[in-house]
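Start at 1 with the first residue, then count along the sequence. Everything quoted here is computed from the prediction, not taken from an experiment.
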Amino acid sequence: MRRVRFHSYGGPEVLRVEEAEVPAPGPGELLVRTEAIGVSLPSVRRTRGDGNGGGVPLPAVLGGEVAGAVVGLGPDVTGFAIGDRVTALSFTGSYAEAATVPAAMAARIPDAASSVDAVALVRGGQVALAALATAPADGESVLITGAASATGHLAVQLAKLRGVPRVVAAVGSAAKADFLYGLGADEVVTYEDASWGEPVDIVLDGVGGELLPRAVAALAPGGRLVFFNSGGGTVPAYDLLAGAKTITGLTMARFAATRPELYERHGAELWDHFFAGRLRAAVHARIPLAEAARAHEIIEARANLGKVVLVP
């Protein structure tokens, strides 16, 4: 099979297409023949040794979302069969024509949906719904950073579907405004704008880094920020104390493990909205696996509107 691996840290140029043996699924794992592979900002940061993935042993194959058909079952796997179509998370081997995934992190794809649909919808939508569940917004306003990203553009729509009266979309370029207004955003601001408008009750932060203090400053007194990105960032504790503000970290692995029933309901909710036409899972580009470097260039330039997908 073909896979994409990097032997040193750097930009898109470090990605190399190689031939490799098809992996064998271990205990509790599925072997999936990949039909669609998600490209994310955390993955791009890992190739540079940045973010939460910095320091991974080299050479490495990036992990992330995959979708495709089950072609192998590891020991102790129940509930899945050869031929099932699933979307799942591969921690160390998604950029490949076949990947092993934990069965616990896999979900079936409805018959009427494609693998590309699943990669564009499920992971980003689960993060968006978990963030909204972590800071419920009953009648409150919400600001979303990285609002045109794979997760952000779903969060904008899901917030409106949940009845949020004011959704502010924060992005790096005003060129993305029409896309976001088309998804239901009430206001669009750029990171360089002098003002982000009236303070909000909740921030869903998918960017972090140097933007984090600005995101905290956008909160009204008593506001809450949900932090779900790999960009890091630092906020003086006094800024939280003075405004009675709260930051909560969100990881999907813990959310899925500790709130499995809600995680399952969220999955059903996503597909229900999708098939009813209420939720758009935008795909910015479908790029051959062998051209993964081009996909990373799009993400690094923050040029994407929705999901970038690799297709083996």
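Salt bridge R162/D138: absent, no basic N to carboxylate O contact under 4.0 Å. Here R166 pairs with E187 in a salt bridge; the nearest charged N to carboxylate O distance falls below 4.0 Å. A salt bridge links E140 to R224: at least one charged side-chain nitrogen sits closer than 4.0 Å to a carboxylate oxygen. Classification of R294 and E291 as a salt-bridged pair holds, one side-chain N sitting under 4.0 Å from a carboxylate O. Here R48 pairs with E300 in a salt bridge; the nearest charged N to carboxylate O distance falls below 4.0 Å. Between K245 and D239 no salt bridge is recorded (no basic side-chain N to carboxylate O distance below 4.0 Å). Under the 4.0 Å criterion applied to side-chain N and carboxylate O atoms, K307 and E65 are assigned as salt-bridge partners.
Atoms CE and CG, from M252 and L250 in turn, are 6.5 Å apart once rounded to the nearest 0.5 Å. Atom CZ of residue R278 and atom CD of residue E269 lie 9.0 Å apart, to the nearest 0.5 angstrom. Taken to the nearest 0.5 Å, the CG atom of D186 stands 11.5 Å off from the CG atom of L180.
For the pairing with I109, the side-chain contact (heavy atoms from CB on, under 4.5 Å) check across V122, D84, T87 returns one residue only, T87.
Atom CD of E264 is surrounded by 12 or fewer heavy atoms from other residues, nucleotides or ligands within 6.0 Å. No more than 12 heavy atoms of other residues, nucleotides or ligands sit less than 6.0 Å from atom CZ of R254. The environment of R280 atom CZ is sparse: at most 12 non-hydrogen atoms of other residues, nucleotides or ligands sit within 6.0 angstrom. Under a cut-off of 6.0 angstrom, the local environment of CD in E210 is sparse, with at most 12 non-hydrogen atoms contributed by other residues, nucleotides or ligands.
V207 and N229 make their closest contact through O-OD1, 3.1 Å (heavy atoms, listed as atom of the first residue, atom of the second, distance). Residues A169 and A147 come closest through the heavy atom pair CB-CB, 3.5 Å.
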With salt bridge (Lys or Arg N to Asp or Glu O under 4.0 Å) as the criterion, how do E21 and R3 come out once you've worked through the C-alpha distance, each side chain's angles and the decisive distance to 0.1 Å? CA-CA 10 Å; E21 296 292 328; R3 69 181 180 191; over 6 Å; no

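Of the possible donor and acceptor atoms, none in the side chain of S94 sits under 3.5 Å from a partner among the backbone N and O of G38.
Applying the ring-ring contact (aromatic ring centres under 6.0 Å, His included) rule to pairs touching residues 281-312 yields Y95-H296, sequence neighbours excluded.
Below 30°, between 30° and 60°, or above 60°: for Y9 and F6 the angle between ring planes is between 30° and 60°, a tilted geometry.
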